[in-house]
Number of protein chains: 2
Amino acid sequence: MSRPNDSRRPLTLRDVSEASGVSEMTVSRVLRNRGDVSDATREKVLHAAKTLGYVPNKIAGALASQRVNLVAVIIPSLSNLVFPKVLSSISDELEDTGLQPVVGVTNYSPEKEEQVLYEMLSWRPSGVIIAGLEHTPAARAMLENAGIPVVEIMDVDGEGVDSVVGISHRRAGLHMAEAIIAAGYRKIGFLGTKMPEDHRARKRLEGFKEGLAKAGIELADTEFYAGGSALAKGREMTEAMLKRTPDLDFLYYSNDMIGAGGLLWCRDNGIDVPGKIGLAGFNGLELLEGLSVQLATMDACRGEIGKKAAQIIAGRSQSGMIGGEVIELEPVLEPGETIRKP
Amino acid sequence: MSRPNDSRRPLTLRDVSEASGVSEMTVSRVLRNRGDVSDATREKVLHAAKTLGYVPNKIAGALASQRVNLVAVIIPSLSNLVFPKVLSSISDELEDTGLQPVVGVTNYSPEKEEQVLYEMLSWRPSGVIIAGLEHTPAARAMLENAGIPVVEIMDVDGEGVDSVVGISHRRAGLHMAEAIIAAGYRKIGFLGTKMPEDHRARKRLEGFKEGLAKAGIELADTEFYAGGSALAKGREMTEAMLKRTPDLDFLYYSNDMIGAGGLLWCRDNGIDVPGKIGLAGFNGLELLEGLSVQLATMDACRGEIGKKAAQIIAGRSQSGMIGGEVIELEPVLEPGETIRKP
DNA sequence: GCTCCATATGTTAGCGATAACGGCATCCGG
DNA sequence: CCGGATGCCGTTATCGCTAACATATGGAGC
């Protein structure tokens, strides 16, 4: 097969139409499988397109049809492990709908989120899936005025723009507190990320404190970190905290990764878990299933969240627009082996 | 601020031009910071655009200008931990160039890769960054004919379409074999993924075997897995292999995650590492830095690869096209604590 | 005064595709 | 034998924006 397109000029419908002896419109119909075309011409056109190596120009197509098969997905981070999971479930669910996710990353910065959103909306996607309920006023206005379905995911504690799919992090924290207290722990420390913009972590902590307060308990110690390898940070923080407050009997970590670091440290230092001290994280990371001991955690329903969000977008982009819905999923406590049985 | 766009009709340049009393062209110039516009009109236009909530239509803009600020990035997986790292380094490097990465995932399937590539090229990106050198003939033809810079990343063992940035996985495997033999290990097992399409893992194994052969050694046992949590699989496979071939003195894992699983299993079972048995993985996952014992590994230069690839695309999309270049990076052995000192 | 040039704006003609409609055949039932 | 329904394909007019060129306007220089 010799070079089909030597002239370096990008191919257009016209090239295919000339090569196959039919009008551009007919070529367009064949390539999109729309409208009536005889089998004979269909063959001719497909053959011509293939040998030329024609790739349709969706930019022109989208402009003419006013339709774009892209769904903007805006998340805070890719290195968090949490979001790739959500992403792949969105991707799987969208697979057969003709829609395609396009990812934008904000690094937990509201300003970056606003920029990314602006950039993505300028491509006129068919829908937006965006993590969290907290946005800059400008970003919120853009979402409201975009005229496309919007699904805010991960969190339901707050007011959404349109549809919302997620869990209540406040209640997740609260339930964890209840479970810990029910297991008889009383002197409790919290370890988490130093991220003012991670609203979900914040809400979990608030809910957790609330749960403790109901039992007349206050957090005995707290420690926060930023950056670095989470596993290593979990170790360091655990050591620091137990040195500072040796009589703690429970450590609640804001994510599984630092929790796993803490768990490893405890084991390396011969500390009886869950006897002397109990541990719990948050997320239900499949990644950690191979640990010697299963860390207590709470599944954040990430797969289910992505799936539902994708379904809403797909459903609404087919059948016209109807109002937004709110879907609250229920995170499940996975007690693992780091909490005493009550 | 009341709803700026009640009519539900998407805003266009014309709306902004009418609201600010200048021509569409001038509005366009202001919003793109191109050409001479007086400060007074600039202010007027920006104000009008802001209060209306206008978001430019890049689809129309791209069609008219024949320029698209997107770079297609095509990778096999997001859950691998390896690729998010590459991605973020690409993203960082592109940050100030006006270019934006758009990600496509292939799940290690050549057919899916071909589809994703087709889909992305139909948006006429300014460049393509794609993992690996192995593609379907059709995909390769598309890359050759796209008329845009192409960078194949991760691997240099083979013939590239245009530019190539990566490491030699064959030599990485070979060097690991040499290091292991130098440390005095002789009865060696290999554990890896059952993925015929993971060419880089395959090449590492080939190079590894070659290195062993040079010392007159053959692999004593092999075990492969597919799916599931890598950490857990590492445990299971290690147990299975050591039960089957108890006199092994070294295990080489095709990635750090299963290596970490194996390491944990050995420690849980009181096996002396690296005395009785040595272990090594591949990748240099920052994630694992918090492990009690540092696994021997080889850094795959993922950050550097993403950075260089992005630079090539950015450089070439500015200054016209010049020929492709091949950049081979050198992976560094990180001996950790799971190989005996020679 | 006039040219010459820089600055600031408007006009025109696409970019490459698709929606909408129109024009022939052909076919079918009454 | 004719009205209307299909099947198949072409023509025309956008879609929203920008490149390229054209057009004022206002000094500077002689």
- Message: Below the 4.0 Å mark, does dG10(D) have OP1 or OP2 next to a side-chain nitrogen or oxygen of Thr26(A)?
- Response: yes
- Task: Round to the nearest Å and state the distance from Asp15(B) atom CG to dC17(D) atom C1'.
- Result: 13 Å
- Nearest heavy-atom approach of Ala131(B) to His135(B) is O-CE1, 4.1 Å
- Task: Write down the atom of Lys308(A), the atom of Val165(A), and the distance for their closest heavy-atom approach.
- Result: CB-CG1, 3.8 Å
- Sorted by number, the residues of residues 37-49 of chain A with heavy-atom contact under 4.0 Å to DNA chain C: none
- Quick one: OG1 on Thr26(B) to CZ on Arg42(B), what's the gap to the nearest 0.5 Å? 11.0 Å
- For atom CH2 of Trp123(A) and atom P of dC15(D), their distance in whole Å: 19 Å
- Task: Indicate the atoms forming the closest heavy-atom contact of Val16(A) with Val45(A), along with that distance.
- Result: CG1-O, 4.2 Å
- Query: What integer distance in Å separates Lys58(B):NZ from dC15(C):C1'?
  - Reply: 17 Å
- Provide, to the nearest angstrom, the distance between the CG atom belonging to Asn57(A) and the P atom belonging to dC15(D). 18 Å
- With side chains defined as the heavy atoms from C-beta onward, is the minimum distance between Phe83(A) and Val103(A) less than 4.5 Å? no
- Message: Can you measure Leu63(A) atom CG to dC15(D) atom P for me and round it to whole angstrom units?
- Response: 9 Å
- Distance in angstrom units between Asp36(B) CG and dA24(D) P, rounded: 19 Å
- Can Met120(B) and Met142(B) be said to form a side-chain contact (heavy atoms from CB on, under 4.5 Å), step by step? CA-CA 11 Å; Met120(B) 304 208 101; Met142(B) 281 192 259; over 6 Å; no
- Can you tell me if the side-chain N/O atoms of Gln66(B) get under 4.0 Å from OP1 or OP2 in dG16(C)? yes
- Measure from CD1 on Ile59(B) to C1' on dG16(D) and round the result to the nearest Å. 10 Å
- Contacts satisfying salt bridge (charged side-chain N to carboxylate O under 4.0 Å, His left out) that involve residues 88-108 of chain B (not counting sequence neighbours) are Lys112(A)-Glu95(B)
- Please name the pair of heavy atoms, one in Asp162(B) and one in Glu152(B), separated by the smallest distance, quoted to 0.1 Å. N-OE1, 4.0 Å
- Roughly how many Å is it from CG in Asn69(A) to C1' in dA17(C), rounded to a whole number? 14 Å
- Message: Please determine whether a side-chain nitrogen or oxygen atom of Tyr54(A) lies at a distance below 4.0 Å from atom OP1 or OP2 of dG16(C).
- Response: no
Find every protein N or O atom lying less than 3.5 Å from an N or O atom of nucleotides 18-22 of chain D, and list the pairs.
unit_1	atom_1	unit_2	atom_2	d
dT18(D)	OP1	Arg32(B)	NE	3.3
dT18(D)	OP2	Ser28(B)	OG	2.3
dA19(D)	OP1	Arg67(B)	NH2	2.6
dA19(D)	OP2	Arg32(B)	NH1	3.0

